[in-house]
**Q** 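Below is the structure I would like to discuss, written out as structure tokens.
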Amino acid sequence: MTNSADRQKSKTGSVNKYTWIPVALVLIPALATLGNLSWTTSILLGAPLAMISLFIPIDAAYICRFAPLGKAQMWRITLTHLAAAQVLSLLWMLIAGPFSRALAYIPQLHGIDKQFAPDRWIVYLTGCLFYVFSVAYHYVAMAQDAARAVEMQVMQTSVLARDAELRALRAQINPHFLFNSLNSISALTSIDGARAREMCLLLADFLRLTLGMGEKTVIPFSEELDLLEKFMAIEKVRFGARLCMEEKIDDQAKRCIIPALLLQPLLENAVSHGIASMQDGGMIRLEASVRDGRLAILVENDRDEEAPVRKRNGVGLKNVRSRLEARYGKEATFRADADEDKFRVTMSLPAEFASEESAATESASAQAVRAETAKAEIAAAKSGEPK
């Protein structure tokens with residue numbers, strides 16, 4: 001609101017520089033036609049007086065801000081402006097008297113003060129009209145400024161609501177994935193303790209990665225691929241050779257930024273509802289490319305149409321669709337299709353790019369930290385020493 005008020009003051013000041021021109025166009029003909037002055041004398045007297053009148057709209061601006069419409073009773077606002085119009089117009093008329101006497105010292109304009117004396121009412125009337133138009137202008141400008149402020153506040157509220165929705169949607173991801181992983185670890189503990197321990201370490205590494213993102217809502221596609229690699233390592237502990245993955249990612253797509261953890265729910269859905277129901281396992285395909293300024297993503301997995309239908313809560317697909325709508329609105333598309341042996345999800349969203357230098361630096365640093373942490377945990381796991 002402060003910046004808006006400053007902009008309004010600046011705008012008002014720039015307009016006031018030229019408002020003497022329409023005043024002169026009114027005052028000069030009035031002095032020549034309604035008064036006793038010639039056109040030449042009217043111009044020599046009226047033009048400087050019009051320039052002096054600039055104090056009227058300036059004062060009108062302050063009075064309008066002092067008595068805004070809708071915040072005071074109308075009769076008080078009317079009386080305030082009537083009194084201000086009288087005072088400012090009388091002041092302008094009083095200034096005109098000494099000014100005309102000063103011009104009378106010029107030999108060519110000798111006697112102009114006596115000719116102008118009976119016509120000073122024209123200056124007074126012009127001042128009243130000028131004040132009325134100035135008040136109308138400033139009230140309109142204030143109304144436009146208030147409308148812009150309300151529009152800006154609505155936009156800010158909308159952005160905050162969208163960010164809150166995105167954080168809530170993202171908050172659903174880890175608990176959902178963690179619940180499924182803990183169930184798998186629980187099942188493995190009675191079958192293969194070593195694999196259960198390995199899965200615990202991989203799960204800790206994955207969660208450390210996601211928590212390390214902090215409040216970042218978007219990350220480079222390359223970082224998302226690192227997360228997917230950790231996720232698939234966890235799932236391969238469960239399914240072994242039954243789970244295969246094929247990636248086809250353009251270099252340009254890797255530089256795009258996307259909502260964090262956008263693809264992990266899709267791969268989790270592909271594993272849980274596709275590969276897990278197939279006795280011989282299957283393939284998950286991930287493709288991404290940039291064309292015509294848009295990032296196209298495909299996640300496809302094998303499925304067995306005759307396999308028993310597993311209980312679904314719809315968190316994965318619904319979450320991704322909601323996050324795309326919250327961030328991109330109608331600019332993003334999401335589609336899920338199933339046929340006899342395939343289930344595929346296709347997305348298209350605006351391609352946004354991170355700077356290559358920052359992305360490379362951040363990715364290298366993150367990979368180095370993860371590598372060191374992973375080595376320490378694996379060494380500790382093999383030796384049986386507590387971390």
Side-chain angles (χ1 to χ4, degrees), residues 1-37 42 45-101 113 116-158 160:
M1 291 297 291
T2 302
N3 293 336
S4 178
D6 292 341
R7 289 195 300 269
Q8 181 60 35
K9 291 179 182 178
S10 176
K11 179 180 177 182
T12 302
S14 64
V15 172
N16 285 339
K17 295 176 183 178
Y18 307 101
T19 51
W20 70 270
I21 296 177
V23 175
L25 294 177
V26 172
L27 182 60
I28 292 172
L31 291 173
T33 58
L34 300 178
N36 299 318
L37 302 177
S42 298
L45 181 62
L49 284 177
M51 294 180 183
I52 296 173
S53 71
L54 289 177
F55 72 90
I56 293 179
I58 294 175
D59 290 339
Y62 284 104
I63 296 171
C64 288
R65 283 194 286 269
F66 175 76
L69 294 176
K71 294 186 178 180
Q73 294 179 345
M74 196 63 195
W75 66 270
R76 290 187 177 180
I77 295 176
T78 304
L79 288 179
T80 299
H81 288 301
L82 283 176
Q86 302 301 314
V87 171
L88 294 174
S89 299
L90 284 172
L91 179 60
W92 189 30
M93 185 181 70
L94 292 175
I95 293 173
F99 181 73
S100 65
R101 288 193 292 272
D113 54 334
F116 172 66
D119 298 331
R120 287 190 296 173
W121 64 271
I122 297 175
V123 176
Y124 168 79
L125 182 59
T126 304
C128 290
L129 294 175
F130 187 29
Y131 180 84
V132 170
F133 283 111
S134 298
V135 168
Y137 167 79
H138 289 300
Y139 274 139
V140 170
M142 290 170 63
Q144 292 177 342
D145 189 59
R148 284 192 294 268
V150 171
E151 183 180 357
M152 182 63 68
Q153 186 176 7
V154 170
M155 291 177 60
Q156 291 175 348
T157 302
S158 177
L160 291 175

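Side chains are part of it too, since the values below use all heavy atoms of this structure and drop only hydrogens, waters and symmetry mates.
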**Q** Is there a side-chain contact between F116 and V123, using heavy atoms and a 4.5 Å cut-off?
**A**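 They are in contact (side-chain heavy atoms under 4.5 Å apart), so the answer is yes.
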
**Q** When rounded to the nearest 0.5 angstrom, what distance separates CG in L88 from CE in M93?
**A**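 One finds 13.0 Å between CG of L88 and CE of M93.
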
**Q** Report the distance from atom SG of C128 to atom CG of L90, rounding to the nearest 0.5 Å.
**A**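 Answer for the SG-CG pair, C128 versus L90, is 7.5 Å.
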
**Q** Rounded to the nearest 0.5 Å, how far apart are CD1 of I56 and CD1 of I63?
**A**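 Answer for the CD1-CD1 pair, I56 versus I63, is 10.5 Å.
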
**Q** Taking all atoms of both residues into account, what is the closest heavy-atom pair of C64 and H138, and its distance?
**A**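 Answer, listing the atom of C64 first, then H138: SG-CB, 3.8 Å.
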
**Q** For the residue pair I28 and G46, what are the closest heavy atoms and their distance?
**A**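 So the minimum-distance heavy-atom pair works out to CG1-CA, 4.0 Å.
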
**Q** What is the minimum heavy-atom distance between V23 and S53, and which atoms define it?
**A**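 Result for this residue pair: CG1-OG, 3.8 Å.
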
**Q** For P68, which residues count as a side-chain contact (heavy atoms from CB on, under 4.5 Å) partner, sequence neighbours excluded?
**A**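 Testing P68 for side-chain contact (heavy atoms from CB on, under 4.5 Å), a comparison that skips the adjacent residues, returns K71, M142.
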
**Q** With rounding to the nearest 0.5 Å, note down the distance linking CG in L79 to CE in M74.
**A**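 Between atom CG of L79 and atom CE of M74 there are 10.5 Å.
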
**Q** Output all residues satisfying side-chain contact (heavy atoms from CB on, under 4.5 Å) with L91, sequence neighbours left out; order by chain, then residue number.
**A**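 Listed in chain order: F55, I95.
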
**Q** Name all residues meeting the side-chain contact (heavy atoms from CB on, under 4.5 Å) criterion together with L34; count only those two or more places apart in sequence or in a different chain, and write none if there are none.
**A**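 L34 satisfies side-chain contact (heavy atoms from CB on, under 4.5 Å) with A30, W121, I122 only.
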
**Q** Got a sec, which residues hit side chain to side chain donor-acceptor pair (under 3.5 Å) with E151, two or more places apart in sequence or on another chain?
**A**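 For E151 there are no side chain to side chain donor-acceptor pair (under 3.5 Å) partners, ignoring immediate neighbours.
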
**Q** Is there any side chain to side chain donor-acceptor pair (under 3.5 Å) pair reaching into residues 79-97, and which pairs are they, with sequence neighbours excluded?
**A**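 Passing the test, one end in residues 79-97: H81-Y131, H81-Y139, Q86-Y124.
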
**Q** Can you find a pair of side-chain heavy atoms, one from D119 and one from L37, that are under 4.5 Å apart?
**A**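 They are in contact (side-chain heavy atoms under 4.5 Å apart), so the answer is yes.
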
**Q** Please walk me through it: do L27 and L49 pass side-chain contact (heavy atoms from CB on, under 4.5 Å)?
**A** CA-CA 9 Å; L27 182 60; L49 284 177; 4.0 Å; yes

